[in-house]
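To start, the structure under review is shown below, and the notes come after it.
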Amino acid sequence: MFLFLILFILLNSINSCPLTDNYLSRCHCEILTNGESYIKCHEKTLNEVPIFKRSFPYDRLILANNNIKNLTRSAFDTIKTIRRINLENNSISFIDNDLLRLLGNYLEELVITGDNIINSLEFLTRYPLKNLRILKLHRFNLSEVNLENVFLNMTKLEILSLPSCQLKQIPNLKNIHQLNLENNQISNTVHLSRSYVHLNLAKNFISSIILENNTQLISLNLTENILSQFSMDSIENENLQDINLSQNYLSSFNFSILNDQLLNLNLNSNHLLSLNLIVIPTNLLSLSISNNLIKQIKFSNRYSSLVNLDLSSNQLKSIEKHFLFEKLNYLNLENNPLDCNCQLEWLKTLILHQTKLNATTWTCRSNVSPISFLSADFQCASVSIPRVQTFNISYVKISIQYGLYIQWSIIDDKNILDYLQISISEPFYLSPKISPNQTEIFLSNQIKLNQQYHLCLILLHKYARDKYCRVFQTDKLIILTSNEIILERNEQNAIQTKDHIDINLFIMLIGSCIGGFITFILILTCFYLCIQIHKYKLKKNKDKTISYYTKNSNLHYPIYHTHSITCPYHHENLSNSTDTSQIDTSLSTTNLKHIYQTIDNHDYSSLTGESQVFDLWNQSLKHKR
Ligand SMILES: *[C@@H]1O[C@H](CO)[C@@H](O)[C@H](O)[C@H]1NC(C)=O
Ligand SMILES: *[C@@H]1O[C@H](CO)[C@@H](O)[C@H](O)[C@H]1NC(C)=O
Ligand SMILES: *[C@@H]1O[C@H](CO)[C@@H](O)[C@H](O)[C@H]1NC(C)=O
Ligand SMILES: *[C@@H]1O[C@H](CO)[C@@H](O)[C@H](O)[C@H]1NC(C)=O
Ligand SMILES: *[C@@H]1O[C@H](CO)[C@@H](O)[C@H](O)[C@H]1NC(C)=O
Ligand SMILES: *[C@@H]1O[C@H](CO)[C@@H](O)[C@H](O)[C@H]1NC(C)=O
Ligand SMILES: *[C@@H]1O[C@H](CO)[C@@H](O)[C@H](O)[C@H]1NC(C)=O
Ligand SMILES: *[C@@H]1O[C@H](CO)[C@@H](O)[C@H](O)[C@H]1NC(C)=O
Ligand SMILES: *[C@@H]1O[C@H](CO)[C@@H](O)[C@H](O)[C@H]1NC(C)=O
Ligand SMILES: *[C@@H]1O[C@H](CO)[C@@H](O)[C@H](O)[C@H]1NC(C)=O
Ligand SMILES: *[C@@H]1O[C@H](CO)[C@@H](O)[C@H](O)[C@H]1NC(C)=O
């Protein structure tokens with residue numbers, strides 16, 4: 001019952017604000033759940049501070065957004081226990097110097113918006129304001145006021161806000177934690193050695209700032225200045241957590257200068273061209289670099305806690321895949337000319353897996369009009385590699401005395417050939433670069449007799465390097481005329497995408513391994529069979545042996561095989577031919593992939609002593625067993 005009575009009295013007092021009838025309808029009083037009581041007068045209804053009936057201990061008086069112009073000597077006399085007064089968004093043109101004479105013991109917060117004319121703070125200094133903690137003066141003319149003196153005795157003042165007060169420099173104030181000097185006329189280089197905790201210097205004309213011993217500084221707002229560079233010492237400013245450098249003229253930014261405690265960095269609306277995140281503060285959570293000119297980003301492999309990354313409105317075409325993106329909760333790539341091809345496919349995959357990331361507004365560059373990131377196909381246009389259409393070695397002549405003479409023809413309609421080169425092994429020889437319009441060459445290289453040579457023609461063009469090789473043997477006395485070889489690369493290889501090259505290479509490697517192995521087995525089998533047949537024939541008819549081998553040698557042998565078989569028999573021939581000044585040989589190959597050489601009958605018909613050799617093999621085989 002007693003409790004009810006108290007509640008009734010309370011409610012009654014709320015319903016009827018301690019105001020004279022004149023103002024009752026324009027204001028209301030309330031108690032918040034946290035126990036704070038306030039009187040709030042409706043916006044745009046008052047021309048002066050209302051008159052209070054009795055001095056009920058209210059906490060706040062809110063008179064914001066009215067047309068109050070004159071703060072007379074007795075304006076607050078009837079509510080002298082008030083703790084917080086808000087006169088924001090009025091246009092106060094007169095403040096009596098004795099205004100606060102009765103409020104000194106209670107006043108904790110005072111917010112006043114002036115009319116840009118008031119240029120004295122006498123009303124604050126005339127009587128001590130021992131408990132004032134928050135002071136916000138907006139639109140005063142404090143260009144000539146010595147602020148250090150004004151706030152000297154306000155030992156409890158913590159938060160000072162002086163936006164649009166025509167200040168020309170940053171005052172050096174004790175005890176103040178939070179200083180807002182937004183939209184003043186602070187210019188040139190600012191030397192900040194005084195340790196504020198939160199400092200807002202937005203909308204000034206600061207061209208550079210020197211932060212020295214600001215160990216307390218946690219947030220620094222330099223939005224809308226004219227900074228063209230920014231530097232700081234990560235050790236002296238070790239506690240900085242927020243830096244806002246948006247809307248300046250920074251064309252580069254060195255992330256190495258930042259301290260590891262930094263949480264938020266805003267570099268929006270600058271002129272940054274690239275982003276080097278090689279050294280990124282380990283605790284950085286949010287990085288905004290919207291509306292710059294960034295074309296490329298470099299990342300480091302260092303650990304990073306980044307969760308918000310805004311790169312909207314830049315010039316990014318592609319971004320390399322990096323694990324940093326996997327941890328993001330927010331990523332904005334809106335308004336970038338993204339090239340949505342296979343190089344950026346990882347990002348699409350990431351977006352589909354990371355439901356937190358929203359790419360609905362991202363777009364991809366296209367010839368016609370930008371297309372939505374989410375509907376792009378992320379295909380890489382297949383790269384068509386042009387090639388030399390026909391490469392035709394028409395004549396090869398090898399002369400022991402004079403060297404090597406080669407003639408060829410090239411059909412290169414697309415003009416892709418840069419130059420060609422001819423190589424011989426062994427001993428290795430590489431010709432100088434030959435102009436693509438040249439069609440013959442004489443290499444006065446010392447060509448040896450009775451040796452196997454790899455002759456390669458290397459076509460070098462801007463897309464690749466093609467090498468065509470032939471094996472030939474300088475062990476013949478046959479003089480052959482022009483012999484056509486048309487070399488054409490497999491049509492399938494003409495159009496190759498990036499991925500196929502690797503697969504082809506792999507298949508080729510495996511293929512050649514298997515091929516080599518099969519060839520080896522074949523050789524063994526062949527030898528074994530040869531020996532068996534030879535044995536058999538020796539028994540039957542010794543005279544028929546030679547004709548058998550002659551018959552067999554009509555086949556096309558791989559040159560490696562024929563060489564090993566024929567070599568011993570050619571010694572005689574070659575020694576005979578040393579006095580002949582010229583030995584000509586030619587390429588008789590017709591297929592690029594299988595290099596064969598014909599062994600003519602008449603070569604073998606003149607051979608003697610085959611049986612001896614096969615006897616030797618026979619012996620060696622027996623030996624092995
Ligand atoms: C403010 O009010 C006082 C007292 O009512 C008056 O003397 C003074 O002229 C007024 N000042 C202005 C600028 O209106
Ligand atoms: C003051 O006016 C501005 C602009 O009209 C408004 O944004 C702000 O909220 C107002 N302040 C208060 C405390 O109502
Ligand atoms: C502010 O005060 C200074 C000197 O007191 C004066 O020169 C300047 O014109 C004033 N500014 C405005 C906007 O009245
Ligand atoms: C500060 O207080 C001291 C005494 O407590 C007084 O002498 C001095 O004038 C005051 N200064 C200002 C600027 O009010
Ligand atoms: C900064 O701090 C160092 C050491 O604490 C001191 O030697 C130096 O004078 C200080 N600089 C300024 C400008 O206060
Ligand atoms: C910095 O100033 C801008 C512009 O006034 C404001 O929007 C922003 O909230 C401020 N940031 C901080 C950390 O004070
Ligand atoms: C920095 O300033 C911009 C522009 O005024 C504002 O939008 C942003 O919220 C601020 N960021 C931080 C971290 O204070
Ligand atoms: C960036 O800052 C670090 C540390 O201050 C310095 O060593 C480095 O040379 C700077 N890099 C550039 C490109 O200025
Ligand atoms: C993504 O952003 C768009 C536009 O901002 C919004 O309409 C949509 O609901 C968002 N989607 C998700 C999944 O958050
Ligand atoms: C190859 O070159 C020879 C001699 O220049 C020429 O007769 C022949 O027609 C050429 N073959 C091709 C396919 O170009
Ligand atoms: C061959 O090409 C070179 C330049 O590549 C040029 O100087 C030369 O005149 C050309 N020769 C012929 C015969 O076209």
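Each ligand, and each atom within it, is numbered from 1 in the order the structure gives.
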Check: Of all the atoms in ligand 7, which lie at a distance below 4.0 Å from a heavy atom belonging to Ser246?
Finding: 1 (C), 2 (O), 3 (C), 4 (C)
Notebook entry, point to check: Is a side-chain donor-acceptor pair under 3.5 Å present for Thr223 with Asn244?
Noted result: yes
Check: Charged N to carboxylate O under 4.0 angstrom, Arg126 versus Asp98?
Finding: yes
Next item on the list: Please work out which of the three classes, parallel, tilted or perpendicular, describes the rings of Phe325 and Phe299, given edges at 30° and 60°.
Entry: perpendicular
Next item on the list: Check disulfide bond (SG atoms under 2.5 Å apart) between Cys165 and all other residues, then give those that pass, not counting sequence neighbours.
Entry: none
Item checked: Polar proximity ligand 3 side, Asn119 side, N/O cut 3.5 Å exclusive -> no
Note to self: Give the atom numbers and elements of ligand 3 that come within less than 4.0 Å of a heavy atom of Glu144.
What the structure shows: 4 (C), 5 (O)
Checklist line | Atom indices of ligand 3, in the order listed, that fall short of 4.0 Å to a heavy atom of Asn141 | finding: 1 (C), 2 (O), 3 (C), 8 (C), 10 (C), 11 (N), 12 (C), 14 (O)
Item checked: Nitrogen or oxygen atoms of Gln166 and ligand 3 under 3.5 Å apart -> yes
Next item on the list: For Tyr249, check ring pair (Phe, Tyr, Trp, His ring centres under 6.0 Å) against everything at least two apart and list the hits.
Entry: His271
Next item on the list: Please state whether Asn266 comes within less than 4.0 angstrom of ligand 7, counting heavy atoms only.
Entry: yes
Notebook entry, point to check: Do Asn213 and Asn237 come within less than 4.5 Å of each other through their side chains, counting heavy atoms only?
Noted result: no
Notebook entry, point to check: Do any pairs count as a salt bridge (Lys or Arg N to Asp or Glu O under 4.0 Å) and have a residue in residues 284-303, sequence neighbours left out, and if so which ones?
Noted result: Asp260-Arg302
Check: Between Tyr38 and His28, how do the two ring planes meet: parallel, tilted or perpendicular, split at 30° and 60°?
Finding: perpendicular
Note to self: Using a 4.0 Å cut-off on heavy atoms, what residues surround ligand 8? Order them by chain and number.
What the structure shows: Asn254, Ser256, Ile257
Next item on the list: Go through ligand 7 atom by atom and flag the ones less than 4.0 Å from a non-hydrogen atom of Thr223.
Entry: 1 (C), 2 (O), 4 (C), 5 (O)
Notebook entry, point to check: Would you say Asn244 and ligand 7 have an N/O pair spaced under 3.5 Å apart?
Noted result: yes
Notebook entry, point to check: Any Lys/Arg nitrogen of Glu108 or Arg84 sitting under 4.0 Å from an Asp/Glu carboxylate oxygen of the other?
Noted result: no
Margin query: When you measure from the side chain of Asn180 to the backbone of Glu182, do you find a donor-acceptor pair of N or O atoms at a distance under 3.5 Å?
Written below: yes
